[in-house]
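Sequence positions, counted from 1, serve as the residue numbers for this chain. Keep in mind that what you see is a predicted model, and the values were worked out from it rather than measured.
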Amino acid sequence: MLPRERVIAALEHKEPDRIPWGEHSIDYNVYEDFLGRETFVAAKMRTTQALWDGRRDEVVESYKRDVLDLVRALDFDIVTCVGLWPKDHKPAPMKKLDDVTYRDEKGNIYRISSTTHDLLPFEINKEAWVPPTIESLERDIEKMENEPLDPLDGRWDLIRHAVKEMKKTHFIMCFCPDIGWPGVGATDEEQYMSLLLEPDLCRKQAELWGRQAIRWCELYAKLGVDGIMPAGDLGSSSGMLASPAIFRDMMLPWQKKHVEAAHKAGLYVLKHCCGNCWPVVDDLADTYDAWESIQASGGMDIGKLKKQVGDRLTLWGGIWHEHIILGSLDDIRNDAKYAFATAAPGGGYIMGSTHSLAVDAKRENILEMKRLRDTWGLYPIDPQRFRCD
């Protein structure tokens, strides 16, 4: 089977010839390790600095070359694409305060993470934040619905390139707008508190996001992708980030409308969601085609999920994100044994990390994932093949 056929079979809960493999996110170090060259793909502060320097075209060409070359190098079945930047994109550089600290024009402070190397918010200047109102969000909705959506816009350069080069053989997926927790506030704390204190405002925020997500389905269909990925976490490692009742009230109705519009446009919808989300797994199964991430370290057991929702929802994950970074080959094998034996039979399973191939991911562990997919992941799944020789 071709990779595209393999993924579609999994999404249709049929057994392909072997387990398909894809990753929703891969950091720059993995590209550089396997391709043997420097990249701007997910290169964190390096990419940010290049955009500040006006090197947008160089960054985009790196994405177009390296994303597809890594798919070929690791024999992925899914090509994951992101929207990039318009042709004339040149953001104003932030003011550098020291080697790791920057300040933007609104007075917000950012620092470079020593772990991921991202430039991340460190201290928010609350005085510069202007809270939305129902009226301002209604104006935003009207403006958004009148905004032209041009499939030739430079933001879609990577997607168009991937469709042109690999659509005939591979499943092309791109990120899309999500309807996440619609809190409003300058800080995370204020945003989550607003879900209780300002529910009408939050519902209007969810409406804005929902209408945008629905409207963009037509754009992605014109671009020629096979599937879209709304990426938004519902839980932390210990439980949901907010009440399941709030999720069902403010978010789920728009998520369902979004998926309905995507299906009408001929698109699969593969939801990325980290965290412990047991209270809403049936909601997810009744809404989406696939669930990617499935955070094992957060209590999301892929075998139990298969029994509960596996007939309705394709499960994408199984190999612990933490083990890919910190674990041994035996850890990878044990993860694969469990996921392949419990989640793969009958179809409806895609192999991947329980989050991403992130900074410090071990080359040998990624290669072991590939080996196990190629040897243990053949259908029909036979645990007798699960040997380590």
**Message:** Against D226, only a single residue in K168, R6, R4 fulfils salt bridge (charged side-chain N to carboxylate O under 4.0 Å, His left out); can you say which?
**Reply:**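 Of K168, R6, R4, salt bridge (charged side-chain N to carboxylate O under 4.0 Å, His left out) with D226 is met by R4 alone.
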
Heavy-atom distance under 4.5 Å between the side chains of [X] and [Y], does that happen here?
X: W181; Y: D233; value: no
X: L119; Y: R111; value: no
X: H117; Y: Y28; value: yes
X: L284; Y: V309; value: no
X: L51; Y: K90; value: no

**Message:** Please determine whether side chain to side chain donor-acceptor pair (under 3.5 Å) holds for the pair Q295 and S237, giving the CA-CA distance in whole Å, both sets of side-chain angles, and the decisive distance to 0.1 Å.
**Reply:** CA-CA 8 Å; Q295 188 182 341; S237 296; 3.0 Å; yes

**Item:** Within one Ile-Leu-Val-Met-Phe-Trp-Tyr cluster: L367 and I26, side-chain cutoff 4.5 Å
**Value:**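 Linked, L367 and I26 end up in one cluster.
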
**Message:** With a 4.5 Å cut-off on side-chain heavy-atom distances among I, L, V, M, F, W and Y, is there a chain of contacts connecting V82 to W156?
**Reply:**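 V82 and W156: one cluster.
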
**Prompt:** With sequence neighbours excluded, what pairs up with R312 under the side chain to side chain donor-acceptor pair (under 3.5 Å) test?
**Reply:**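 Result, side chain to side chain donor-acceptor pair (under 3.5 Å) vs R312: D282, D286.
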
Hey, are [X] and [Y] close enough for a salt bridge, meaning a charged N less than 4.0 Å from a carboxylate O?
X: D200; Y: R203; answer: yes
X: D75; Y: R72; answer: no
X: K143; Y: D140; answer: no
X: D57; Y: K87; answer: no
X: E61; Y: K64; answer: yes
X: K106; Y: D104; answer: no
X: D289; Y: K271; answer: no
X: E32; Y: R46; answer: yes
X: D283; Y: K256; answer: no

**Message:** Is it the case that atom CD in E260 sees more than 12 heavy atoms from other parts of the structure closer than 6.0 Å?
**Reply:**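 Not more than 12 within 6.0 Å, no.
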
**Prompt:** Would the number of heavy atoms belonging to other residues, nucleotides or ligands and lying under 6.0 Å from CD of E218 be above 12?
**Reply:**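 No - once you tally the heavy atoms of other residues, nucleotides and ligands closer than 6.0 Å, there are 12 at most.
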
**Request:** Evaluate the criterion side chain to side chain contact (heavy atoms under 4.5 Å, CB included) for residue pair H24 and H355; output intermediate values, then yes/no.
**Result:** CA-CA 8 Å; H24 102 285; H355 186 269; 4.1 Å; yes

